[in-house]
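What follows is a set of notes on a single structure, which appears directly below.
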Amino acid sequence: MRLSRYFLPVLRENPSEAQIVSHRLMLRAGMIRQQAAGIYSWLPLGYRVLRRIEEIVHQEQVRAGHIPMLMPTLQPADLWRESGRYDDYGEEMLRIRDRQKRDLLYGPTNEEMITDIFRAHVGSYRDLPLTLYHIQWKFRDEIRPRFGVMRGREFLMKDGYNFDIDKEASLHAYNRHMVSYLRTYERMGLTAIPMRAASGPIGGDNTHEFLVLAATGESEVYYDDRVQDLRLGSRAIDYDDRAAVAGVCEEFTTLYARTGETHDAGLFETVPEAHRKVGRGIEVGQIFYFSTKYSEPMGAVVVNDKGERVPVHMGSHGIGVSRLVGAIIEASHDERGIIWPEGVTPFPVGLVNLKQGDGATDAACAAIEGALAAKGLEVLYDDRDERAGAKFATMDLIGLPWRITVGPRGLAAGKVELTSRRTGAAEEMTPEEAVARIGAIYAGL
RNA sequence: CGGAGUGUAGCGCAGUCUGGUAGCGCACCUGCUUCGGGAGCAGGGGGUCGGAGGUUCGAAUCCUCUCACUCCGACCA
């Protein structure tokens with residue numbers, strides 16, 4: 001993509017309404033534009049990141065054996081009257097009436113709808129286990145939206161629902177989700193810690209929240225700091241192996257890690273003092289096992305192997321996709337701007353032509369652009385007629401992890417410069433070497 | 001919803017107290033010079049002063065109503 005033809009409305013000054021760093025940087029980098037309180041347009045650069053995150057979530061869900069689908073944003077009120085939540089959910093639910101005076105709502109979540117779909121089409125234990133999910137816009141009419149996309153009213157969420165014949169199978173689904181979530185966050189360059197949580201209005205006995213440590217987080221967290229060092233890495237995981245999956249969960253949930261709601265001061269005392277940490281975190285996902293809470297009132301039953309009609313065991317699981325964009329920035333930025341992890345960057349590399357219009361630099365840039373494209377890597381090429389400082393500042397602000405700088409001085413020696421946004425380290429090399437290096441960095445992603 | 005604020009050009013702001021017909025910086029357009037970390041000079045364009053009503057010869061400014069947004073609190077992916 002050539003910057004001269006792109007739409008990247010960066011701001012030099014901080015918009016006054018933005019209080020936290022991710023909100024400021026998203027506005028300055030031209031990623032979003034606020035349309036109403038807690039409601040945003042996703043401009044091209046922001047949309048690219050959102051799509052990258054969505055893609056990773058999809059890939060990891062499918063890898064775990066979960067099945068993608070798509071449910072509507074608007075839902076009939078009757079479905080919610082059936083579960084009893086139409087009245088319980090309160091003011092946070094946006095209620096709408098259509099021209100025929102039918103009551104609708106903009107879905108804040110989809111337990112009722114997925115249960116309706118399930119009961120209409122599934123009747124036998126032989127069809128289980130089943131886990132369906134979708135990534136769709138939600139609306140929760142927050143009393144006070146704030147922090148940009150971190151607490152918007154409209155937000156993009158992955159929500160999944162598992163249906164199993166008994167508690168044991170359903171808890172395996174719970175564990176499977178925990179592992180798939182851990183892998184999802186790791187691919188985004190995040191350390192998200194599963195913490196025992198309180199259940200809230202969704203309900204359920206077992207529930208963990210996934211928190212990214214950040215000073216600006218809304219939740220207070222208490223943890224053994226050794227949890228931060230745990231990594232799944234590239235280990236192979238058989239999602240059908242109950243014992244193996246449970247083993248991974250145990251590995252990640254044994255060390256003390258709780259939010260303020262479930263914090264146990266006495267238990268916390270048993271953590272060695274040197275590792276005892278209190279901080280703040282951003283919630284980026286949550287998983288629940290809620291037994292037959294929805295299946296019973298809504299009649300989601302199957303016939304078991306003895307011919308008996310039994311309610312299915314369910315769980316639900318969410319990842320805040322749009323919130324993750326903000327959370328990643330909170331976790332990865334510096335005073336000059338965003339620093340995207342390679343897994344979610346809007347463009348893998350930026351290309352800066354220091355002397356636009358110069359035959360040699362123009363040709364070298366075009367060649368690099370083409371060579372990267374041949375590897376399936378789309379470069380953001382700053383081909384504007386701007387001075388070097390302005391181009392560097394823009395690249396630093398939007399946070400592409402790698403930058404190739406092409407100037408007449410280096411080019412005379414056959415060299416370009418490859419710079420890491422994260423470390424600032426710059427290295428001179430031939431264009432071919434730079435392309436190969438970028439190719440190698442992204443080969444595994 | 002309780003408390004505190006703010007709405008003036010795309011962004012950041014001054015002007016409001018004390019009414020006289022809208023200004024600054026950045027961004028944008030043109031030209032020249034400049035060119036490895038947000039250049040300089042010259043010229044230029046862009047405004048329902050959130051909206052409605054009122055007072056007045058005259059309203060960004062005073063009055064009334066209203067809308068929107070932000071911050072603190074209770075609530076939350």
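Within every chain, numbering begins at 1; the chains are lettered A, B, ... in the order of the sequence lines, protein sequences first and strands thereafter. As a basis for the values below, the full set of heavy atoms in this structure was taken, side chains included, without hydrogen atoms, waters or symmetry mates.
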Distance between the [atom1] atoms of [N] and [M], in whole angstroms?
N	M	atom1	value
B:rA52	B:rG38	C1'	43 Å
B:rU16	B:rG23	P	15 Å
B:rU55	B:rU61	P	15 Å
B:rG51	B:rC13	C1'	23 Å
B:rG3	B:rC57	P	39 Å
B:rG54	B:rA59	C1'	11 Å
B:rU33	B:rC69	C1'	44 Å
B:rU66	B:rG25	C1'	33 Å

Looking for any heavy atom pair under 4.0 Å, which part of the strands does [X] touch: base, sugar-phosphate only, or nothing?
X	result
A:G410	base
A:D159	nothing
A:R403	base
A:A36	sugar-phosphate

For A:Y256, which of A:R276, A:R196, A:H263 qualifies under side-chain hydrogen bond (donor to acceptor under 3.5 Å, both in side chains)? A:H263

Rounded interatomic separation in angstrom, taking [atom1] from [X] and [atom2] from [N]:
X	N	atom1	atom2	answer
A:F147	B:rG73	CZ	C1'	12 Å
A:E13	B:rC11	CD	C1'	6 Å
A:R144	B:rC69	CZ	P	13 Å
A:I32	B:rC11	CD1	P	14 Å
A:L25	B:rC11	CG	P	18 Å

No-H, no-angle donor-acceptor pair, [X] side chain to [N] base, under 3.5 Å:
X	N	result
A:R146	B:rU70	no
A:E386	B:rG38	no
A:R28	B:rG38	yes

May I ask you to test the A:M93-A:R85 pair for a side-chain heavy-atom distance under 4.5 Å? no

A:E261 vs A:E220 side-chain heavy atoms within contact, under 4.5 Å: no

Verify the contact: side-chain N or O of [X] to OP1 or OP2 of [N], cut-off strictly under 4.0 Å; return yes or no.
X	N	result
A:Q356	B:rC35	no
A:S16	B:rC13	yes
A:Q286	B:rA77	yes
A:R387	B:rA39	yes

Using atom types as modelled and distance alone, determine if a side-chain donor or acceptor of A:H317 lies under 3.5 Å from a backbone N or O of A:G160. yes

If we ignore hydrogens and angles and just use 3.5 Å, is the side chain of A:D358 paired with the main-chain N or O of A:T361 as donor and acceptor? yes

Counting neighbours of NZ on A:K355 that are heavy atoms of other residues, nucleotides or ligands and sit closer than 6.0 Å, is the number greater than 12? no

Return the stacking result for B:rG36 and A:F392: yes when the ring centres lie under 5.5 Å apart and the planes under 30°, no otherwise. no

